[in-house]
2 protein chains.
Amino acid sequence: MNDKENYMAIAKTEEFTKTDTWLADIAKALSHPARIRILKILTEMNVCMCGDIVELLPLSQSTVSQHLKELKRVGLIKGEIEGPKVCYCVNDETLQKAKKELDKLFSLVCSC
Amino acid sequence: MNDKENYMAIAKTEEFTKTDTWLADIAKALSHPARIRILKILTEMNVCMCGDIVELLPLSQSTVSQHLKELKRVGLIKGEIEGPKVCYCVNDETLQKAKKELDKLFSLVCSC
DNA sequence: TTAATTTATCGTATATTTACGATGAACGAT
DNA sequence: ATCGTTCATCGTAAATATACGATAAATTAA
């Protein structure tokens, strides 16, 4: 009888499958419109720098930097250092994997 | 010059497109492994009641109820009252719309 | 009517998220 | 060597998310 049961707000992610946890994490990264917008900006517009993205969003530089960090955390984007600048781009590998897992989920739970 | 600029932690979701905001909200609902698991349970297992789901998850009844509420909020599931019970089921319509929008996003941002 | 069942909600605690300005670190240019 | 540019990080504040037990509400069964 230890105290491990006595806690709050700690997600019991260990209790779920790796895939479900991973997919939930990807979904979390996509759970803010700014981050969805950033993914689109990185592919549609011909920009990659944080500063360029800041100009296209109604958010401060530090906030955009945080969103980029979150997208990078789950591997949806990559950042390549170019002197004082950083060139961000989408990570096709992770995006493909995410698409695959989402397709798997939707084919299970809906008539898609 | 009003004070509207002086705030914290308020997502400027008005500044984004309706679609991006909606998709981000769907992603938010999918951003916890328990909720992904619940969607699967509602389709794979032959159960629909909150109590049944509770038995299949390492979470308390009140917590599961909250997760169901979140899924219901964005319309990914529906709840039909059957006496003191509630029979939950996935909402195919919303799921299809979500799948469509996600496909659109992925076709834009990755070679999928 | 009372008891049992089922679920939502309340109250509470903690962690995380979102946002900003300020600052620091890294690099290129002068 | 200094200055400007770019970005990440720090510090901070408020909102939201996650979790639980306890309780209330609703309905069925006895």
Side-chain angles (χ1 to χ4, degrees), chain A residues 3-16 21 24-25 27-38 42 47-55 57-74 77-89, chain B residues 3-16 21 24-25 27-38 42 47-55 57-74 77-89:
Chain A
D3 288 342
K4 294 284 170 58
E5 308 299 290
N6 189 15
Y7 58 82
M8 314 262 165
I10 298 172
K12 292 181 172 172
T13 47
E14 334 76 54
E15 312 272 8
F16 300 99
T21 303
D25 212 28
K28 186 154 73 86
L30 296 175
S31 72
H32 194 293
R35 293 196 287 267
I36 290 184
R37 194 83 201 85
I38 287 172
L42 288 179
V47 302
C48 72
M49 281 170 38
C50 177
D52 297 331
I53 299 167
V54 170
E55 288 183 4
L57 292 179
L59 298 169
S60 73
Q61 183 269 322
S62 59
T63 302
V64 170
S65 187
Q66 274 185 35
H67 284 307
L68 288 167
K69 191 181 179 183
E70 170 68 6
L71 287 169
K72 204 173 155 191
R73 181 184 66 83
V74 298
I77 64 171
K78 289 182 282 193
E80 196 180 331
I81 295 169
E82 287 187 0
K85 311 176 188 178
V86 178
C87 185
Y88 285 102
C89 62
Chain B
D3 289 340
K4 294 284 171 54
E5 308 298 291
N6 189 16
Y7 59 84
M8 313 261 164
I10 298 171
K12 292 181 174 173
T13 47
E14 336 78 53
E15 311 273 8
F16 299 99
T21 303
D25 211 28
K28 186 154 74 88
L30 296 174
S31 72
H32 195 293
R35 293 195 288 266
I36 290 183
R37 194 81 200 87
I38 288 173
L42 288 179
V47 302
C48 71
M49 281 170 37
C50 177
D52 297 332
I53 299 167
V54 170
E55 286 182 5
L57 293 179
L59 297 170
S60 73
Q61 183 269 322
S62 58
T63 302
V64 171
S65 187
Q66 275 185 37
H67 284 307
L68 288 167
K69 190 181 179 184
E70 170 68 6
L71 287 170
K72 204 173 155 191
R73 180 184 66 82
V74 298
I77 65 171
K78 288 183 283 194
E80 196 180 331
I81 295 169
E82 287 186 0
K85 312 176 187 176
V86 177
C87 185
Y88 286 101
C89 64

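Values below: all heavy atoms of this structure, side chains included; hydrogens, waters and symmetry mates excluded. Chain A is the first sequence line, chain B the second, and so forth, proteins listed ahead of strands; every chain is numbered from 1.
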Rounded interatomic separation in angstrom, taking [atom1] from [X] and [atom2] from [N]:
X     : N      : atom1 : atom2 : answer
A:E82 : D:dT5  : CD    : P     : 18 Å
A:I53 : D:dT5  : CD1   : C1'   : 16 Å
A:E70 : D:dC7  : CD    : P     : 19 Å
B:D25 : D:dT16 : CG    : P     : 12 Å
B:E15 : C:dC20 : CD    : C1'   : 15 Å
A:I81 : C:dG28 : CD1   : C1'   : 15 Å
A:E55 : D:dT5  : CD    : P     : 13 Å
A:L57 : C:dC20 : CG    : C1'   : 15 Å

d(A:L30 CG, A:I38 CD1) to nearest 0.5 Å is 11.5 Å
Just jot down the side-chain hydrogen bond (donor to acceptor under 3.5 Å, both in side chains) partners of [X], sequence neighbours excluded, or say none.
X     : value
A:D25 : A:R73
B:R35 : B:H67
A:T63 : A:S60

*Worked check of side-chain contact (heavy atoms from CB on, under 4.5 Å) between A:E70 and A:K28*: CA-CA 9 Å; A:E70 170 68 6; A:K28 186 154 73 86; 4.0 Å; yes
The residue, A:R35 or A:P84, whose nearest nucleotide of DNA chain C is more 5′ is A:R35
On DNA chain C, more 5' by nearest nucleotide between B:V86 and A:G83 is B:V86
Return the nearest nucleotide to the side chain of [X]; candidates are [options].
X     : options                : answer
B:K28 : C:dA19, D:dC20, D:dT16 : D:dT16
B:K85 : D:dC7, C:dT18, C:dT7   : C:dT7
A:H67 : D:dT5, C:dT5, C:dA19   : C:dA19
A:L59 : D:dT18, C:dA19, C:dG28 : C:dA19
B:K69 : C:dT6, C:dA19, C:dT9   : C:dT9
B:M49 : D:dT9, D:dT5, C:dT7    : C:dT7

Sub-3.5 Å pairs of nitrogen or oxygen atoms, protein against nucleotides 21-23 of chain C:
| residue | atom | partner | partner atom | Å |
| --- | --- | --- | --- | --- |
| C:dG21 | N7 | A:S62 | OG | 3.3 |
| C:dG21 | O6 | A:S62 | OG | 3.3 |

For A:C89, the disulfide (SG to SG under 2.5 Å) test, sequence neighbours excluded, returns none
Taken in chain and number order and not counting sequence neighbours, the residues that satisfy side-chain contact (heavy atoms from CB on, under 4.5 Å) with B:Q61 are B:C50, B:V54, B:S65
